Novice: 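Before anything else, here's the structure in question.
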Amino acid sequence: TLSTSEGREKVWELLRPPRRSWVRAIMVTTSGGETVGTDGTTNSLTRGSDRALLALLRDHSDAVVVGAKTIKAEPIPLPVSTPLVIMTRSGNLSGHQLRQRGNDTERLIIATTKASVDTLALTAGDLRYEVLVVDPEEDAERLELAIAQHVGGNSLLVEGGTEIWKFFAPIIDEVLISVAPPPRESNEGVPPWWPGGHDHWQLSALMTDDSQMLYYSHRTGIRGVPSA
């Protein structure tokens with residue numbers, strides 16, 4: 001379905017958020033909620049339409065947010081036009097696997113503390129980036145606002161990893177989980193460590209594809225948005 005423009009439009013209409021200000025987490029997991037496969041990355045989990053769905057949601061977001069550990073664990077290409085925000089308290093990007101294509105539309109933003117700006121400059125290599133200086137004591141809500149003001153929009157796609165998902169959990173409106181087959185467990189791929197559990201979530205969409213991946217869109221209702 002995601003291979004055609006018509007199919008992408010249909011999926012986006014299904015996943016379109018009910019308001020402009022929206023924080024969506026996205027992950028690929030096993031049915032038991034593991035977010036990495038046997039190779040220690042998501043590469044052994046992702047298949048089918050998973051990457052195409054990620055690209056669709058990136059295109060419709062104002063910023064994509066990931067942690068420094070994620071860009072060190074596996075290759076991460078910059079979105080074609082959506083700003084990519086890297087969160088790093090230490091500013092140390094040594095060993096990163098970011099892929100910049102050199103397009104004029106690419107935008108890389110590093111969110112770090114004032115004390116770590118020099119470390120960032122020493123470890124970022126030839127990356128072209130903007131610095132977003134943040135207070136190390138800022139909570140998720142204030143950081144959401146800082147990112148929104150910097151990029152000029154407040155629809156965020158949080159791609160992980162675990163520490164970043166946990167940090168933003170208090171303000172995440174939706175969790176979209178791509179679950180790799182086989183479906184051995186019944187918790188719909190939700191990570192067991194998710195803060196506060198997921199009993200209050202409501203399923204807003206469920207899709208599948210030819211590779212038997214299952215795509216669950218859960219609305220958390222955590223910020224007063226109707227879950228259905």
Side-chain angles (χ1 to χ4, degrees), residues 1-2 11-12 14-15 17 22-58 60-61 64-77 84-88 95-97 140 156-223 225 227-228:
T1 300
L2 289 169
V11 172
W12 174 242
L14 186 64
L15 298 177
W22 196 253
V23 180
R24 171 186 278 135
I26 186 169
M27 60 187 71
V28 57
T29 74
T30 65
S31 62
E34 296 295 328
T35 57
V36 295
T38 55
D39 63 348
T41 75
T42 62
N43 293 329
S44 55
L45 296 179
T46 184
R47 65 194 74 182
S49 299
D50 179 49
R51 294 298 188 193
L53 180 61
L54 175 62
L56 175 71
L57 295 178
R58 280 182 161 199
H60 285 281
S61 300
V64 175
V65 183
V66 299
K69 287 184 179 179
T70 297
I71 65 170
K72 295 178 182 181
E74 55 188 275
I76 302 291
L84 179 66
V85 180
I86 308 297
M87 292 181 58
T88 168
H96 76 81
Q97 300 186 60
L156 307 184
L157 182 65
V158 182
E159 293 186 10
T162 301
E163 291 181 13
I164 303 302
W165 285 317
K166 286 181 176 179
F167 176 80
F168 279 102
I171 63 167
I172 285 177
D173 302 296
E174 178 187 353
V175 182
L176 200 153
I177 307 176
S178 303
V179 182
R184 292 195 176 98
E185 300 187 36
S186 60
N187 68 339
E188 301 177 348
V190 180
W193 45 257
W194 191 270
H198 61 279
D199 292 342
H200 58 287
W201 295 4
Q202 289 195 19
L203 184 66
S204 61
L206 174 59
M207 301 172 287
T208 190
D209 59 22
D210 292 340
S211 68
Q212 298 183 320
M213 288 284 286
L214 293 173
Y215 304 94
Y216 296 91
S217 174
H218 299 275
R219 291 192 181 174
T220 67
I222 201 164
R223 296 201 286 185
V225 176
S227 300

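Worth saying up front: this structure is predicted, and the values here are computed from it rather than measured. Hydrogens, waters and symmetry mates play no part in the numbers below; they use all other heavy atoms, side chains included.
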Novice: Could you walk me through whether Val28 and Thr35 satisfy the side chain to side chain contact (heavy atoms under 4.5 Å, CB included) test, starting with their C-alpha distance in whole Å, then the side-chain angles of each, then the deciding distance to 0.1 Å, before giving a yes or no?
Specialist: CA-CA 6 Å; Val28 57; Thr35 57; over 6 Å; no
Novice: Quick one: are Ile164 and Thr70 in side-chain contact, heavy atoms under 4.5 Å?
Specialist: no
Novice: Could you walk me through whether Met87 and Glu163 pass the side chain to side chain contact (heavy atoms under 4.5 Å, CB included) check?
Specialist: CA-CA 10 Å; Met87 292 181 58; Glu163 291 181 13; over 6 Å; no
Novice: For residues Gly48 and Ser211, report the shortest heavy-atom separation together with the two atoms involved.
Specialist: CA-OG, 3.2 Å
Novice: Mind checking whether His218 and Ser204 have side chains closer than 4.5 Å, heavy atoms only?
Specialist: no
Novice: Is there side-chain contact between Val179 and Tyr215, with at least one heavy-atom pair below 4.5 Å?
Specialist: no
Novice: Looking at Lys166 and Trp193, what are the two nearest heavy atoms and their distance?
Specialist: CE-CE3, 3.6 Å
Novice: Return the NE2 to NZ distance between His96 and Lys72, rounded to the nearest 0.5 Å.
Specialist: 9.5 Å
Novice: Nearest 0.5 Å, please: how far is OG in Ser178 from CG in Leu54?
Specialist: 8.5 Å
Novice: Any idea which heavy atoms bring Trp165 and Ala25 closest together, and the distance?
Specialist: CD1-CB, 3.9 Å
Novice: Search all heavy atoms of Ala68 against all heavy atoms of Thr88 and return the closest pair with its distance.
Specialist: CB-CB, 3.8 Å
Novice: Do you know which two heavy atoms are closest between Pro195 and Ala169, and how far apart they sit?
Specialist: CG-CB, 3.8 Å
Novice: For the CG atom of Leu206 and the OG atom of Ser217, what is their distance to the nearest 0.5 Å?
Specialist: 10.0 Å
Novice: Between Tyr216 and Thr29, is there a side-chain heavy-atom distance shorter than 4.5 Å?
Specialist: no
Novice: Is a side-chain donor or acceptor of Thr220 paired with a backbone partner of Trp201 at a separation under 3.5 angstrom?
Specialist: no
Novice: Going by heavy atoms in the side chains, are Val175 and Met27 under 4.5 Å from each other?
Specialist: yes
Novice: Sequence neighbours excluded, which residues qualify as side chain to side chain contact (heavy atoms under 4.5 Å, CB included) partners of Ala55?
Specialist: none
Novice: In the structure I gave you, are the side-chain heavy atoms of Arg223 and Val23 within less than 4.5 Å of one another anywhere?
Specialist: yes
Novice: For the CD atom on Gln97, are there more than 12 heavy atoms of other groups (residues, nucleotides or ligands in this structure) within a distance under 6.0 Å?
Specialist: yes
Novice: At what distance, to the nearest 0.5 angstrom, does CG of Leu156 lie from CD1 of Ile172?
Specialist: 10.0 Å
Novice: Rounded to the nearest 0.5 Å, what separates atom CG in Leu2 from atom CH2 in Trp12?
Specialist: 12.5 Å
Novice: Quick check: do Leu53 and Leu15 have side-chain heavy atoms less than 4.5 Å from each other?
Specialist: yes
Novice: Do Met207 and Ser49 touch side chain to side chain, with heavy atoms closer than 4.5 Å?
Specialist: no
Novice: Please give me the minimum heavy-atom distance between Arg24 and Pro17, naming the atom from each residue.
Specialist: NH2-CD, 4.1 Å
Novice: So, taking the atom named CG in Leu157 and the one named NE2 in His60, what distance separates them when rounded to the nearest 0.5 Å?
Specialist: 11.5 Å
